Amino acid sequence: MALVELRDVRKEYPPAKRGGEPVHAIRGVDLDVEAGDIYAVVGYSGAGKSTLVRLVNALEPATSGSVTVDGVELTGLKERQLQRVRLGIGMIFQQFNLLHSRTVWGNLAYPLEVAGVGRAEQQQRISELLHFVGLADKAHQYPEQLSGGQKQRVGIARALATSPKLLLADEATSALDPDTTQEVLDLLARVNRELGITVVVITHEMDVVRSIANKVAVMEDGLVVERGLVKDVFAEPQHAVTKRFVGTVVDTVPAGEVLDDLRQRHRRLVTLEFREGSPGQSQVFAELLDRDVRFELVHGGIERVQGATFGNLTLALTGEPARVQEAVAAVSRLVRTEELA
Amino acid sequence: MSTRETRLPELWDLVWQNTVSTLWIVALVMLIGGLLGLLLGVGLYVSRPGGLYQNKVVSAVLNVLVNFFRPIPFVILIAAVQPAARAVVGTGIGNRALVFAMVVGSMFAIARIVEQNLVTVQPGVIEAARSMGASRLRILRTVALPEALGPLVLGYTFAFVAVIDMQAIASVIGGDGIGGFALQYGYRQFDTVVTWTAVVIIVVIVQLVQFGGNRLARHFLRR
Ligand SMILES: Nc1ncnc2c1ncn2[C@@H]1O[C@H](COP(=O)(O)OP(=O)(O)O)[C@@H](O)[C@H]1O
Ligand SMILES: [Mg+2]
């Protein structure tokens with residue numbers, strides 16, 4: 001059984017105005033997050049990502065469907081029981097949401113107090129956590145004295161305090177600059193690797209997905225429109241939204257103005273799709289060279305995502321037309337080939 | 001009248017007695033009105049839409065109550081709550097009845113101050129506490145109130161100054177206090193020195209309270 005299981009989950013919010021339409025934030029989602037995953041949920045603003053994590057964390061009840069976390073069905077639980085479920089799930093936020101009236105130490109103590117952990121044990125645990133996130137020297141500072149990255153590390157430490165099996169991160173790096181983002185992502189990856197904690201990251205940044213997630217679900221308008229292993233989804237995005245997201249970090253097939261420009265400048269253009277396990281570039285290029293076809297790389301590149309190598313290379317070909325035709329045919333038997341001009 | 005003819009030197013005992021009266025009455029009102037205002041303010045805050053214990057009916061009732069009492073000018077309120085004072089403190093006149101009126105007058109204003117300061121606590125912080133499994137009562141006690149403590153102290157300081165003003169009016173109507181003293185021995189006797197002595201005393205009290213409030217608020221805000 002997966003650590004998190006969503007079955008035909010729906011969430012409606014009451015209409016903003018009396019007599020208005022209710023908001024269908026989640027419109028029938030199935031999702032399995034296996035123990036050990038770093039599962040990314042991507043989508044544009046308003047897609048329903050935050051609502052989804054709020055359902056998983058039992059902050060809101062689903063309107064219908066079933067949500068189970070670690071084998072516990074959340075629908076129908078009483079507030080007290082939900083509190084116990086939440087205690088076993090860590091959560092971090094875009095705005096960090098630290099208690100300003102408490103020091104770093106006090107912030108880490110908070111969930112332990114809620115859990116009823118004794119003083120001595122609290123001390124022990126807090127100092128472990130501070131060392132884990134590298135903030136031992138900041139224990140007695142107040143949140144406003146910390147940088148954004150440090151605040152988020154406190155947020156992570158606080159979320160880990162009660163040793164949860166699951167950590168939910170809602171746009172946890174969206175308020176951070178690129179360097180700090182990487183620092184926080186590295187920490188999340190360590191949380192997963194060293195502590196064995198399953199992580200769900202909500203994001204609209206594909207870089208985040210690429211750098212730490214092993215699985216991804218793409219949401220649009222309250223639905224999961226595509227899901228799979230990150231390396232597969234990056235290599236072969238199916239849905240239009242997924243393609244747009246993947247396109248933000250991976251050069252895919254040239255389109256629009258770029259394509260128009262290339263067509264002006266070159267007579268013969270082909271895009272070759274190299275995938276993990278497909279014939280290599282040297283083998284493909286040999287087919288061209290054998291027929292005296294010269295080529296120039298005009299668009300694309302090779303990516304490595306989660307250990308898989310792939311890429312789309314657009315080549316401009318020159319040579320005797322018949323032989324070029326022959327070469328393209330030979331190449332297309334090796335890798336997927338799209339003729340652009 | 002010129003300053004040479006002031007009766008201030010023979011009135012020092014009264015100045016002292018009335019200052020002490022003002023202080024203890026204000027303190028008493030702040031204690032009772034402050035506590036009731038806190039309860040009412042917390043009630044307003046938690047019952048709001050999206051609040052910890054959101055409840056349309058309770059929210060509407062509390063709001064009507066506060067909106068009804070808060071705009072009543074204090075001089076009129078004293079008369080208006082006289083029957084209630086008789087029922088609650090056993091008399092419609094004198095210090096006890098006036099303290100009752102002041103408690104009523106201050107608690108509704110304090111309720112709004114408390115509500116407004118609690119509302120400034122970021123909803124995200126409340127949500128974070130919820131996500132850690134804290135109960136709503138615990139969140140109120142350990143998140144909402146402590147997070148708003150700095151502004152709350154400033155709000156109470158503001159209320160304190162308003163209560164000093166109320167007390168001056170109350171003492172004029174018929175109770176002890178520096179306001180009534182200023183009216184009787186300063187204004188009515190055209191003794192400007194006596195009037196200004198009362199002014200200075202009140203200004204000093206207000207300054208001290210404001211100074212203390214600011215210090216305390218800064219301590220809690222640490223920002
Ligand atoms: N508490 C709420 N009340 C009403 N509508 C809401 C509420 N929370 C979210 N929504 C609506 O649900 C939809 C999904 O929101 P959200 O889950 O926050 O999306 P995302 O996190 O992907 O940006 C949006 O249309 C949003 O306006
Ligand atoms: Mg969101």
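Worth knowing before you read on, the calculation uses all heavy atoms, side chains too, and leaves out hydrogens, waters and symmetry mates. In this text, all values refer to a predicted model and were calculated from it rather than measured experimentally. Residue numbering restarts at 1 for every chain, and letters A, B, ... go by the order of the sequence lines.
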Notebook entry, point to check: Tell me the ring-ring contact (aromatic ring centres under 6.0 Å, His included) pairs involving residues 42-81 of chain A, sequence neighbours left out?
Noted result: Tyr44(A)-Phe245(A)
Checklist line | Crowding at CZ, Arg86(B) (>12 non-hydrogen neighbours, <6.0 Å) | finding: yes
Checklist line | Separation between CE of Met132(B) and CE of Met91(A), rounded to the nearest 0.5 Å | finding: 11.0 Å
Item checked: Ile93(B) atom CD1: more than 12 heavy-atom contacts under 6.0 Å -> no
Next item on the list: Flag yes if more than 12 heavy atoms outside Glu194(A) fall under 6.0 Å of its CD atom; otherwise flag no.
Entry: yes
Item checked: Inter-residue atom distance Thr142(B).OG1 - Leu99(A).CG, 0.5 Å rounding -> 7.5 Å
Margin query: Quick check on Gln81(A): does its CD atom have over 12 non-hydrogen neighbours (other residues, nucleotides or ligands) under 6.0 Å away?
Written below: yes
Check: If you count heavy-atom pairs under 4.5 Å between each of Glu79(A), Gln94(A), Glu113(A), Arg102(A) and chain B, which one has the most?
Finding: Glu113(A)
Next item on the list: Mind checking the OG-CD spacing from Ser131(B) to Gln83(A)? Nearest 0.5 Å is all I need.
Entry: 12.0 Å
Notebook entry, point to check: Checking Leu82(A) against chain B: side chain, backbone, both or neither under 4.5 Å from a heavy atom?
Noted result: neither
Note to self: Can you tell me how far apart CG (Leu221(B)) and NE2 (His100(A)) are? Round to the nearest 0.5 Å.
What the structure shows: 11.5 Å
Next item on the list: Working to the nearest 0.5 Å, report the span between CZ of Arg80(A) and OG of Ser135(B).
Entry: 6.5 Å
Notebook entry, point to check: What residues of residues 106-125 of chain B sit under 4.5 Å from chain A when only non-hydrogen atoms are counted?
Noted result: Gln122(B), Gly124(B), Val125(B)
Next item on the list: Check whether Leu59(A) gets within reach of chain B through its side chain, its backbone, both or neither, counting any heavy atom under 4.5 Å.
Entry: both
Check: Looking at Ser101(A) and Pro146(B), what are the two nearest heavy atoms and their distance?
Finding: CB-O, 3.7 Å
Notebook entry, point to check: Are there more than 12 heavy atoms of other residues, nucleotides or ligands under 6.0 Å from atom OH of Tyr142(A)?
Noted result: yes
Notebook entry, point to check: Who are the side-chain hydrogen bond (donor to acceptor under 3.5 Å, both in side chains) partners of Glu171(A), not counting sequence neighbours?
Noted result: Ser174(A), His204(A)
Item checked: Options Ala129(B), Gly150(B), Ala128(B), Ala148(B), ranked by heavy-atom pairs under 4.5 Å with chain A, top entry -> Ala128(B)
Next item on the list: Name all residues meeting the side-chain hydrogen bond (donor to acceptor under 3.5 Å, both in side chains) criterion together with Arg130(B); count only those two or more places apart in sequence or in a different chain, and write none if there are none.
Entry: none
Check: Relative to chain B, which segment of Gln145(A) carries a heavy atom at a distance below 4.5 Å: side chain, backbone, both, or neither?
Finding: neither
